[in-house]
Amino acid sequence: MAEITISLPDGSQRSLAKGATATTLAESIGSRLAKAAVAAVVDGAEVDLGRPLPSGAQVAIITGDSDEGRHVLRHSTAHVMAQAVTQLFPGAKFSIGPAIVDGFYYDFELPGGRTFTESDLEAIEARMREIIKADQPFVRAEMPAADALRLFADQPYKREIIERVSSGAADNEDVSEVGSDESISVYRNTPEFVDLCRGPHVPSTGRLGHFKLMKVAGAYWRGNEKGPMLQRIYGTAWESNAALDEHLHRLEEAEKRDHRKLATELDLLSFPSQLGGGLAVWHPKGGIVRKVMEDYSRDRHINGGYQFVFTPHLANANLFRQSGHLDFYRDNMYPPMEMDNGTYYPKPMNCPMHCLIFDARQRSYRELPLRLFELGTVYRYERAGTLHGLMRIRGFTQDDSHIFCTDEQLQEEIASLLDFVMSVLRAFGFTEFTANLSTKDPLKYVGSDEAWARATDALQLALDKYGLPHKIKEGDAAFYGPKIDIDVKDAIGRTWQLSTIQCDFALPERFNLEYIGADNARHRPIMLHRALFGSLERFMGVLIENYAGAFPTWLAPVQARVLPVAEAHENYAAEVAARLHTEGFRVDVDEANDQLGKRIRAAKMEKIPYVLVVGDDDVSAATLGVNPRGGDVERGVALDDFIAGLRAEIAEQLAQGNDRPVPREAATEAPAAGFDPGVIAPATRNLAK
RNA sequence: GCCGGGUUAGCUCAGUGGUAGAGCAACCGCCUUGUAAGCGGUAGGUCAAGGGUUCAACCCCCUUACCCGGCUCCA
């Protein structure tokens, strides 16, 4: 009997009978592997387990618990969903159903413009379970486009995909559906149900089942806003029920961190509907957090060599005409106000006004780099459906900086700017960062190629020097210059885009900005835009979600609450609170009108870092019972010791902003631009536990 | 902006074509508490707003505002 030889990922080789498949191979290795297998990689290409292996092939088995394996499970589950929908809704057209992060979706068009309801999801899910129980095979077939067009005669979206692929106009989305070959591949589950697909798929539907349909939503066909709106069903699918449950649990945890929910619960801020969409008011508790954030930011900026400026919320249309915003950004600007001496707009950006400040008098190279800083409140008309709590909002305050520098300074300035940005972000508890470098869109840009190359190199060099992992986004830059965006990873692994550093060749031109160089000639400065928090609102939202509302002590709205055990201890409680207040801490007292346990519970629900219980023992000994958030109760702590510890803890938290990344080779060198990177000296840091 | 779902007390939510209810919070008492919910009482709502259908609308219909989930957008 003829044999074939295949190589495994560990370098070993196996002989199998001719015609053997990856399933045979997996079985020959072990029954557990055979059971977990969902597809295979043969000579670098993902294929079905049931495909015969060519002799000499390099083969790896894909199991369901790998990223590739889950992708196969999800994609296969999407097919099952499409079959269930076509059974339950005769005449339904189906378009695209890919695997995505954590799950899959499929887009449908129902006859008569019908839409799915939540209860439809239950019925579809039930039918899917029947299909899975029936253990239908996934049978692959390949055919010429003409045959495929006939096969999908009543599926216009499928036909469109086939036509695009066969005419060579396929995009990635299409290719994932059918592959890029001349022939079209399809997978058939039943005589009635067949779907276009590149594969691979699990051998049969019985291999699926750890899934849940999550939600229904509208989605444009091919993402085209002008095209038809389809009905999309999202689902999640995993290799086991344990993995599914874990995922659902993660979603619950994320929901508990939702900043909109916590903002209400913790009385931080709100979005009164009377204000209008996308506009927030900060309550006292949120206000104090913001104030602490702002104070810290201002201190760091002073140390970082920035100069503070203030600009109005409105400007004459001419300003935005000159800056180009009216041409490029009008759709996102609030509508104009007609005044007796012209037309005024609420500002969507601070940059034009900062340009005016630069231009207010003649500038010398000796003043550069000129770093202007403003907590500037701007208004942007975000479309109604795009608003999302603090994350996408219409009125917000940017911690906005514009730096004017010479060509020669650009490199150093960007490097020190990146240091500065990272240092401040670290103070807010973020430790993992990634960046994106967006480069020139060759079809849409202003400025010279040399300038772009120089600026892009400077950004690249700064990232390399800092050792910040980053991706290059080719052609993703705005027309006016390349940029770096910095993403942070939060406590549960989600990433948020916060800071941005952008080069701008356009505005200095439009405002005809100049400085007098050492050569006594006029030169055009380069302008850098930089937002660090992005906006205070959004940053607050990210902080709330990152800390799940439990702000570190230095940021917490109330840092300590004093609870007298009984009325007799209220005077002492007030003394303790007064002392803490004098020492500069945010403290309040909850008098003994309720049971102690109840007051402790209330304080815990408010996520206050320290609950201080004082009773008879404490009055006589000048001590406290310290109940820290997330820690154990300690009785009999001397007030002075508590104060010292609190001060040390806060200093330590702030000092995170001084830490440089450890593995960096150049960690010992001085900051590039010769400025103090903004270290806040923690006087009591040595007192840290 | 588009598709779908919502909006009832400060918060979380019940509820019915015949003009509203709970828990928590608030307030007032009693209790005087040593580490996560003591007891009793009071007050609190134009049921998002406007229009329509109806003898009668919080409930059905329409419009608007706002929110939620997506899509698109985020020079």
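In what follows, chains carry the letters A, B, and so on, assigned in the order in which the sequence lines appear, proteins first and then strands, with residues in each chain numbered from 1.
When heavy atoms are screened at a 4.0 angstrom cut-off, A:N224 is found touching no nucleic acid atom at all. Using a 4.0 Å heavy-atom cutoff across all strands shown, A:Y234 reaches sugar-phosphate atoms only and no base atom. Nucleic acid contact class of A:G615 (heavy atoms, under 4.0 Å, all strands): base. Within the nucleic acid shown, A:T115 comes within 4.0 Å of sugar-phosphate atoms alone, with no base atom in reach, counting heavy atoms only. Heavy atoms of A:H325 sit under 4.0 angstrom from at least one base atom. Here A:A566 lies in heavy-atom contact (under 4.0 Å) with a base. If you check every strand for non-hydrogen atoms under 4.0 Å, A:D617 touches a base. In this structure, A:G625 reaches the bases: a heavy-atom distance under 4.0 Å links it to at least one base atom across the strands shown. Residue A:M349 is in base contact, counting any heavy-atom pair closer than 4.0 Å across all strands shown. Residue-level contact check: A:G278 touches the backbone only, with heavy atoms under 4.0 Å from sugar-phosphate atoms and none from bases.
A cation-pi geometry, defined here as NZ or CZ lying under 6.0 Å from the six-membered ring centre and within 45° of its normal, does not hold between A:K444 and A:F479. Judged by a 6.0 Å distance limit and a 45° cone about the ring axis, A:R74 is not positioned over the six-membered ring of A:F104.
Side-chain contact between A:V565 and A:D618 is absent, with no heavy atoms from C-beta onward closer than 4.5 Å. Between A:Q398 and A:N350, the closest side-chain pair of non-hydrogen atoms falls below 4.5 Å. Between A:L230 and A:K93, the closest side-chain pair of non-hydrogen atoms is not below 4.5 Å.
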Exercise. What do the steps show when you test A:Q497 against A:N436 for side-chain contact (heavy atoms from CB on, under 4.5 Å), and what is the final call?
Worked result: CA-CA 10 Å; A:Q497 195 209 304; A:N436 291 306; over 6 Å; no
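With P as the reference atom, B:A20 and B:U33 are 45 Å apart, rounded to whole Å. The same atom, P, is picked in B:G69 and in B:U64; the two are 22 Å apart, to the nearest Å. B:G4 and B:A43: their C1' atoms are spaced 40 Å apart (whole Å). Using atom P as the reference point in both B:G40 and B:G23, the two lie 10 Å apart (nearest Å). The P atoms of B:C27 and B:C68 are separated by 30 Å, rounded to the nearest whole Å. A distance of about 13 Å separates the P atoms of B:C60 and B:G5, rounded to the whole Å. B:G1 sits 40 Å from B:G44 when the C1' atoms are compared, rounded to a whole Å. Between B:A48 and B:A57, the distance separating the two P atoms is 15 Å to the nearest Å.
Here the C1' atom of nucleotide B:C67 and the CZ atom of A:F271 are 11 Å apart, to the nearest Å. The interatomic distance linking A:I233 (CD1) with B:C71 (P) rounds to 15 Å, in whole Å. When the P atom of B:A37 is taken as reference, atom CG of A:D590 falls 14 Å away, rounded to whole Å. Here B:G10 presents its C1' atom at 16 Å from NZ of A:K261, a figure rounded to the nearest Å. For A:N593 and B:A25, the CG to P distance is 13 Å, given to the nearest whole Å. Rounded to a whole Å, the CZ atom of A:R629 is 17 Å from the C1' atom of B:U35. Here B:U32 presents its C1' atom at 9 Å from CZ of A:R599, a figure rounded to the nearest Å. One interatomic measurement links the two molecules: CD of A:E118 to C1' of B:C68, which rounds to 12 Å at whole-angstrom precision.
Close to B:G34, at under 4.0 Å from its OP1 or OP2, lies no side-chain N or O of A:R635. Phosphate contact (OP1/OP2 of B:C74, side-chain N/O of A:R538, threshold under 4.0 Å): absent. In terms of phosphate contacts, A:K215 brings a side-chain nitrogen or oxygen within less than 4.0 Å of OP1 or OP2 of B:G70. Residue A:Y220 places no side-chain N or O under 4.0 Å from the OP1 or OP2 atom of B:G70. Contact annotation: A:H569 does not reach the phosphate of B:G34 (side-chain N/O to OP1 or OP2, under 4.0 Å).
For A:R260, taking side-chain heavy atoms from C-beta onward, the closest of the listed nucleotides B:A75, B:C71, B:C68 is B:C68. For A:K598, taking side-chain heavy atoms from C-beta onward, the closest of the listed nucleotides B:U35, B:A37, B:U72 is B:A37. Considering only side-chain atoms of A:I600, the nucleotide from B:C3, B:G1, B:A36 that sits closest is B:A36. Each of B:G34, B:A75, B:C73 was ranked by its minimum atom distance to the side chain of A:F479; first place goes to B:A75. For A:R394, whose side chain is taken as the heavy atoms from C-beta onward, the closest listed nucleotide among B:U35, B:C66, B:A75 is B:C66. Checked against B:U35, B:A36, B:G34, the side chain of A:N627 finds its nearest nucleotide in B:U35. Which of B:C2, B:C71, B:G34 sits closest to the side chain of A:M229 comes down to B:C2.
Using a 3.5 Å distance cut-off with no hydrogens or angles, the side chains of A:W496 and A:D490 do pair a donor with an acceptor.
Under the Watson-Crick and G-U wobble criteria, each requiring two contacts below 3.5 Å, nucleotide B:U19 is left unpaired. Pairing for B:C24 is with B:G10, a Watson-Crick or G-U wobble pair whose two hydrogen-bonding atom distances lie under 3.5 Å. With a cut-off of 3.5 Å on both Watson-Crick or G-U wobble distances, the partner of B:C71 is given as B:G1. The partner of B:G34 is absent, by the rule that a Watson-Crick or G-U pair needs both atom distances under 3.5 Å. Pair assignment for B:A56 gives none, since no Watson-Crick or G-U wobble pairing has each distance under 3.5 Å.
In summary, A:R380 and A:E537 do not engage in a salt bridge, as defined by a charged side-chain N under 4.0 Å from a carboxylate O.
The residue among A:G276 and A:A568 whose nearest nucleotide of RNA chain B is located toward the 5' end is A:A568. Toward the 5′ end of RNA chain B lies the nearest nucleotide of A:A384, the other residue of the pair A:A384 and A:L624 mapping further downstream.
Taking 3.5 Å as the limit, the base of B:G1 and the side chain of A:Y381 contain no donor-acceptor pair of atoms between them. In terms of polar N and O atoms assigned as donor or acceptor, the side chain of A:R383 comes within less than 3.5 Å of the base of B:U72 in a complementary pairing. Side-chain atoms of A:D616 and base atoms of B:G34 include no donor and acceptor less than 3.5 Å apart. Side-chain atoms of A:R392 come within donor-acceptor range of the base of B:C73, with a qualifying N/O pair under 3.5 Å.
Looking only at distances, no side-chain donor or acceptor of A:Q559 sits under 3.5 Å from a matching main-chain atom of A:P609.
Residues A:Y334 and A:H313 place their aromatic rings such that the two centres sit no closer than 6.0 Å.
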